[in-house]
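Presented below is the structure to which this report refers.
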Amino acid sequence: MATLIGANGEEHTAHLSANDWPAWVREHEHATPRWVFNDTALVYPALLNAGVRVARAHDLRLCHAILRDSALVAAGDELRRAVAWDVSPAPEPPERPVEALFDFASTGPRQVPGDPQEIRAEFDRQRAILNAADGRLRLLTVAESTGALIAAEMRSAGLPWDVAAHEKMLTDTLGERPAAGGAPSIMLQRAEEVRQLLGDMTVSLDSQPKLLRALHRAGILVESTSKWELEEQKHPAIEPLLEYKKLSRLYSANAWAWLDEWVQGGRFRPVYVPGGVVTGRWASSGGGALQIPRALRTAVRAAPGWRLIIADVAQLEPRVLAAMSGDLAMADAARGHDLYSGLVDRGIVATRQEAKIAVLGAMYGSTTGEAGRLVPRLRRAFPLAMAKVDHAAQTGEDGGTVTTLLGRSSPQVSADWMTVQRAATDVDADPGAEQRARRSARDRGRFTRNFIVQGTAAEWALAWLAEIRRGLVALGETSGPATEPSGATFARVPHLAFFLHDEVILHVPEDLAEASAQVVRDAADRAAALLFGTFPLDFPLDLKIAENAGK
DNA sequence: CGCTGTAGCGCG
DNA sequence: AAAGCGCGCTACAGCG
């Protein structure tokens with residue numbers, strides 16, 4: 001049985017088999033309803049596989065999590081009691097056949113309720129709250145739900161990936177693909193070189209403790225085997241060792257095994273997890289979608305007759321901070337150009353590099369070193385922006401919660417955190433207890449300080465994504481359907497192909513490239529207006545149209 | 001043997 | 001200098 005709940009709460013119910021469900025959705029989609037999905041990640045991939053897209057949805061799982069914790073919700077008790085909806089994200093659609101004999105369905109990840117009564121009840125709870133709530137919260141739930149649609153659609157479409165170019169890069173840098181169990185030839189050569197220079201032909205470079213001991217025996221007195229510490233050392237073995245570590249990383253993370261698992265039919269299809277980070281950022285599950293090395297971008301290549309639109313927002317987070325705090329001085333320094341240069345031009349800091357350290361330090365809560373020295377200058381130049389993050393930090397240290405512009409609140413303090421704090425106030429508290437309490441309070445302060453900025457930036461990015469999607473659909477409708485030259489049978493419409501916090505990649509037919517680029521720019525303006533109204537600050541994009549995402 | 005924790009490094 | 005936020009992934013170490 002499937003139930004369609006209209007925007008006014010009216011129900012359309014049909015008794016359907018799983019096979020009939022996509023056709024039913026397609027039929028009703030003509031009226032562009034806002035579909036109520038118990039969990040978009042669970043139900044939408046099947047629709048997409050059947051060639052059915054929906055324009056609008058409300059995701060009960062994601063919105064439950066937002067509304068349950070939001071400080072902008074006055075009466076959320078009923079929602080908090082509906083614990084069946086407290087399901088952590090990452091319900092990866094079951095694709096692989098069951099391999100283990102005892103892999104019962106009940107041992108899989110817990111899922112949101114699927115029965116119509118409970119779905120209806122949860123929707124009614126959320127609707128009552130949203131009807132009474134601040135408009136910002138309605139905007140957030142729409143943006144979050146649209147993000148869930150986009151995540152599924154991007155996985156379905158995939159990022160065009162040039163496997164041959166990737167493999168050539170691998171053989172050039174690593175050597176030929178080794179047989180199972182071995183390592184590529186160039187990597188092995190480097191390892192030999194390191195062992196020779198360390199004077200130990202048997203040491204394993206992949207075991208951190210063993211490598212550390214070998215380094216000590218060779219007179220290299222480091223405390224760890226990390227790159228940044230090794231870089232400080234002068235010893236002939238260091239350079240090939242760093243090279244080995246680099247190759248080793250490439251081999252284990254993004255080489256042939258990765259290609260086999262994540263790239264099929266010339267498309268990279270990662271699993272995006274909307275709302276997977278407490279701040280509202282997306283996470284990913286499998287494929288390492290959010291950690292593709294920049295060097296691998298050359299493998300991202302448009303299909304013949306298609307183009308990529310690659311766009312990222314310059315200094316998204318500091319701009320968001322300026323706007324959400326209403327700091328006109330900071331907006332002035334950022335408007336129309338590079339924010340860091342703006343700080344230099346105003347004599348707040350001496351160099352662009354200093355500006356970067358100061359701004360990041362302000363948002364992350366740095367107190368030591370160069371950042372500690374520079375942040376006070378920002379406090380004088382941009383008092384409103386700094387007051388905003390300083391207040392968020394203080395709230396966090398005191399055990400309170402903070403909230404983004406649109407209403408996503410940070411998690412409550414844990415019982416453990418409270419215990420540590422209380423232990424410090426005991427009359428017979430040992431000196432260590434007070435220190436531990438101070439430290440965990442400051443840790444939390446840095447978290448809440450960053451939460452409001454990172455979280456509001458994530459909201460801006462969601463609005464940007466949603467506006468891009470809307471603009472592309474409008475473009476696609478005027479362009480007419482066709483098929484891709486490679487033989488893949490999806491419509492010849494421009495689509496989002498990749499998203500990474502403040503960056504998007506679109507895959508678009510050549511003749512629509514300019515129009516698509518304009519959609520991306522317009523969407524940034526619309527996102528700014530949605531969140532910050534007429535506040536005088538722009539969000540400039542670095543945007544290029546290319547066949548290849550590399551340099 | 002499978003599980004969990006950690007180091008290290010990739011991304012914003 | 002890895003200082004200071006948020007992540008995921010891999011390989012190894014160490015546990016029972």
Side-chain angles (χ1 to χ4, degrees), chain A residues 89-90 92 100 183 204-213 222-232 241-242 244-255 257-258 261-262 270-297 312-318 320-321 353 356-375 378 389 392-393 396 402 404 408 410-411 439 442-458 460-461 498-504 542:
Chain A
E92 190 170 340
S204 160
L205 305 185
D206 302 321
S207 161
Q208 191 257 346
K210 289 175 192 164
L211 175 59
L212 192 60
R213 279 195 296 272
V222 285
E223 283 181 24
S224 76
T225 62
S226 58
K227 190 168 75 170
W228 43 89
E229 205 180 339
L230 291 173
E231 277 164 356
E232 306 294 301
L241 175 56
L242 290 173
Y244 173 83
K245 286 166 85 79
K246 208 170 139 184
L247 297 180
S248 168
R249 163 84 191 186
L250 175 63
Y251 177 55
S252 62
N254 295 104
W258 181 88
E261 185 166 5
W262 293 104
V271 179
Y272 297 96
V273 186
V277 180
V278 277
T279 58
R281 273 188 172 182
W282 289 13
S284 70
S285 157
L290 279 48
Q291 310 133 253
I292 301 298
R294 305 289 305 189
L296 237 71
R297 294 291 188 96
D312 69 275
V313 196
Q315 303 121 20
L316 175 60
E317 292 192 354
V320 161
L321 173 57
Q353 182 57 27
K356 223 169 157 172
I357 289 170
V359 168
L360 292 178
M363 293 188 305
Y364 294 166
S366 309
T367 55
T368 60
E370 201 177 355
R373 182 171 63 78
L374 294 169
V375 169
L378 248 45
V389 283
V402 296
T404 61
R408 193 187 305 262
S410 63
R439 201 157 58 87
R442 291 218 192 275
D443 286 350
R444 189 153 190 285
R446 284 195 303 278
F447 167 64
T448 51
R449 168 190 294 273
N450 187 247
F451 182 95
I452 59 165
V453 182
Q454 188 182 118
T456 305
W460 188 96
F498 188 71
F499 169 61
L500 180 52
H501 307 319
D502 61 358
E503 176 186 5
V504 293
D542 288 328

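Chain A is the first sequence line, chain B the second, and so forth, proteins listed ahead of strands; every chain is numbered from 1. Keep in mind that this is a model prediction, so the values were computed, not measured.
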Which is true for [X] with a 4.0 Å heavy-atom rule: it touches a base, it touches only sugar-phosphate, or it touches nothing?
X: A/T225; value: sugar-phosphate
X: A/K245; value: sugar-phosphate
X: A/L316; value: nothing
X: A/G369; value: base
X: A/R449; value: nothing

Grab the [atom1]-[atom2] distance between [X] and [N] for me, whole Å please.
X: A/E232; N: C/dA1; atom1: CD; atom2: C1'; value: 8 Å
X: A/E223; N: C/dA1; atom1: CD; atom2: P; value: 10 Å
X: A/E229; N: C/dA2; atom1: CD; atom2: C1'; value: 9 Å

State, to 0.1 Å, how close [X] and [Y] come at their nearest heavy-atom pair, and which atoms those are.
X: A/A393; Y: A/R449; result: CB-NH2, 3.6 Å
X: A/I452; Y: A/T456; result: O-OG1, 2.6 Å
X: A/Y272; Y: A/F498; result: OH-CD1, 3.2 Å

Side chain to side chain donor-acceptor pair (under 3.5 Å) partners for A/N254, two or more places apart =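 A/N254: no side chain to side chain donor-acceptor pair (under 3.5 Å) contacts found.
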Residues that A/R444 engages under side chain to side chain donor-acceptor pair (under 3.5 Å), provided they are two or more places apart =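 So A/R444 forms no side chain to side chain donor-acceptor pair (under 3.5 Å) with any residue.
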Sole residue of A/V359, A/L360, A/V453, A/L378 in side-chain contact (heavy atoms from CB on, under 4.5 Å) with A/P318 =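 Testing each of A/V359, A/L360, A/V453, A/L378 against A/P318, the sole residue satisfying side-chain contact (heavy atoms from CB on, under 4.5 Å) is A/V359.
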Report the C-alpha separation of A/E317 and A/D502 in whole Å, then their side-chain angles, then the decisive distance to 0.1 Å, and conclude whether the side-chain contact (heavy atoms from CB on, under 4.5 Å) test is met.
-> CA-CA 9 Å; A/E317 292 192 354; A/D502 61 358; over 6 Å; no
Determine, stepwise, if the pair A/L241 / A/K245 fulfils side-chain contact (heavy atoms from CB on, under 4.5 Å).
-> CA-CA 6 Å; A/L241 175 56; A/K245 286 166 85 79; 4.3 Å; yes
Check whether any side-chain N or O of A/S252 sits under 3.5 Å from a backbone N or O of A/S248 as a donor-acceptor pair, and report yes or no.
->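 At least one qualifying donor-acceptor pair exists.
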Would you confirm whether A/T225, through its side chain, and A/L212, through its main-chain N or O, come within 3.5 Å as a donor-acceptor pair?
->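 Such a contact is absent between A/T225 side chain and A/L212 backbone.
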Identify, with sequence neighbours excluded, every residue that meets salt bridge (charged side-chain N to carboxylate O under 4.0 Å, His left out) alongside A/R213.
->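 A/R213: no salt bridge (charged side-chain N to carboxylate O under 4.0 Å, His left out) contacts found.
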Each stem that DNA chain C is part of, given as range with range (3 or more consecutive Watson-Crick or G-U pairs, under 3.5 Å) |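 Only these stems qualify: B:1-12 with C:5-16.
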Along DNA chain B, first and last positions that approach a heavy atom of chain A under 4.0 Å =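 The protein-touched segment is B/dA7 to B/dG12.
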Nucleotides 6-16 of chain C: protein proximity per nucleotide (B base, S sugar-phosphate only, - neither; heavy atom, under 4.0 Å) | BSBSSSSS---
